[in-house]
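Just follow the structure's listing: the first ligand is 1, and inside any ligand the first atom is 1.
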Amino acid sequence: MPSQDRVALREAITSLPAYVPGARGGVGRFSYKLSSNENPFPPLPGVLAAVADAAADLNRYPDMYAGELVEAIAALHGVKPGRVVVGNGSVAVLEFVLDAVCETGDEVVYPWRSFEAYPIVVSVAGASGVPVPLLPDGRHDLDAMLAAVTDRTRAVLLCSPNNPTGPALAGDDIRSFLAAVPSHVLVLLDEAYTEFVRDPRAIDGVPLVDDAPNVVVLRTFSKAYGLAGLRVGYAVARTRLADGFRAASTPFGVNALAQVAALESLRERPALLARVDELVAERDRVTSALAAHGWDLPDAQGNFVWFGLGERTSAFAKACVEEGVIVRPFGAEGARVTIGEREANDVVIDVARRFLS
Ligand SMILES: *Cc1c(COP(=O)(O)O)cnc(C)c1O
């Protein structure tokens, strides 16, 4: 019943789907958490030391726009610092990208199932979400996404590799897609897992920003760099757009510890990428074992695999938990399982094997 005597929340907020975080382990119970696509490696000693050092200055505000970090990110990608915008995790960056371009009622097209933050940030920005179902093999249906673009479309979100299904978008497909999308529609390419991609046809988004003025690329320190707990992500875009995103961002949005940790991680990038190589080798071991047992899974290009189990999803998740491994079920669609510690991955292989027989 509408009430006149209490503060009303916006309809877009009260109707939001909840962001369900990956389950955490029960207290006192031994378990592996393969439910949030986290990096199983602890921070590098140099990163921990930089954070401990910076903690002595916590009475000071951080550098408002994280200038040193922005320069290091820009140098990594060979772009001008003005094209880089950082935020409190790439989800926060996505929020202010949409806040900066969406008027109330504008449409934002995104693949589905995909990252569960998408419907939430779209609604909070006042826009209206247009989810486009994935193809049966877990890939984006780019033709259907193109067909979903209307006069009211302000942005299209693409996720490569797609969380939770795994395939990466092909460079050729994205270039044709961009050629067909009107240039006033922002195309955001979320590349949270790009460091894990080994598909040679996969898109590398950052160079696209040179070719197409409407492209925005989103990256994060949460996955390959293992800094999920500190929250740092960034967008790369043409300077005019980047200026707008920065204007819409939270002042002092990246905290002081996150700034030094991300900077140190860029300095120690080779060591972190060596860990990514180990996780990719582990991913390939897991997918080969599963294929040998008869599983036909979508192409896994991130640090996770997708079991499209339908109605059997929750039974599978339960069987994993009983063996001490927490995975991420999505309703009656499927379960996403992060590549983690070798012992944990072995449990998953074993449960999955039993599940087929
Ligand atoms: C994990 C993830 C992110 C990263 O979010 P942060 O806010 O940077 O931790 C972004 N996009 C997708 C698709 C993800 O899976």
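- Pro17 has its side chain out of reach of Glu116: every pair of non-hydrogen atoms, C-beta onward, lies at least 4.5 Å apart.
- Listed by first and then second residue, the salt bridge (Lys or Arg N to Asp or Glu O under 4.0 Å) pairs that reach into residues 119-139 are Asp137-Arg139, sequence neighbours excluded.
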Starting from the N and O atoms of ligand 1, find every protein N or O within less than 3.5 Å and list the pair with its distance.
unit_1: ligand 1; atom_1: 5 (O); unit_2: Ser90; atom_2: OG; d: 3.2
unit_1: ligand 1; atom_1: 7 (O); unit_2: Ser90; atom_2: N; d: 3.1
unit_1: ligand 1; atom_1: 7 (O); unit_2: Val91; atom_2: N; d: 3.1
unit_1: ligand 1; atom_1: 7 (O); unit_2: Arg231; atom_2: NH2; d: 2.6
unit_1: ligand 1; atom_1: 8 (O); unit_2: Ser90; atom_2: N; d: 2.6
unit_1: ligand 1; atom_1: 8 (O); unit_2: Ser90; atom_2: OG; d: 2.8
unit_1: ligand 1; atom_1: 8 (O); unit_2: Thr220; atom_2: OG1; d: 2.6
unit_1: ligand 1; atom_1: 8 (O); unit_2: Ser222; atom_2: OG; d: 3.4
unit_1: ligand 1; atom_1: 9 (O); unit_2: Ser222; atom_2: OG; d: 2.6
unit_1: ligand 1; atom_1: 9 (O); unit_2: Arg231; atom_2: NH1; d: 2.8
unit_1: ligand 1; atom_1: 9 (O); unit_2: Arg231; atom_2: NH2; d: 3.2
unit_1: ligand 1; atom_1: 11 (N); unit_2: Asp190; atom_2: OD1; d: 3.2
unit_1: ligand 1; atom_1: 11 (N); unit_2: Asp190; atom_2: OD2; d: 2.7
unit_1: ligand 1; atom_1: 15 (O); unit_2: Asn163; atom_2: ND2; d: 2.8
unit_1: ligand 1; atom_1: 15 (O); unit_2: Tyr193; atom_2: OH; d: 2.6
unit_1: ligand 1; atom_1: 15 (O); unit_2: Lys223; atom_2: NZ; d: 3.3

Please evaluate residues Phe307 and Trp295 with respect to the criterion ring pair (Phe, Tyr, Trp, His ring centres under 6.0 Å), reporting the C-alpha separation (whole Å), side-chain torsions for both, the decisive distance (0.1 Å), and the verdict. CA-CA 9 Å; Phe307 295 87; Trp295 280 94; 5.1 Å; yes

Exercise answer: donor-acceptor pairs, residues 46-59 side-chain atoms, under 3.5 Å, sequence neighbours excluded:
none

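- Checked against side-chain contact (heavy atoms from CB on, under 4.5 Å), Pro298 has the following partners two or more places apart in sequence or in another chain: Pro167, Trp306.
- In the displayed structure, Arg10 atom CZ is contacted under 6.0 Å by more than 12 heavy atoms of other residues, nucleotides or ligands.
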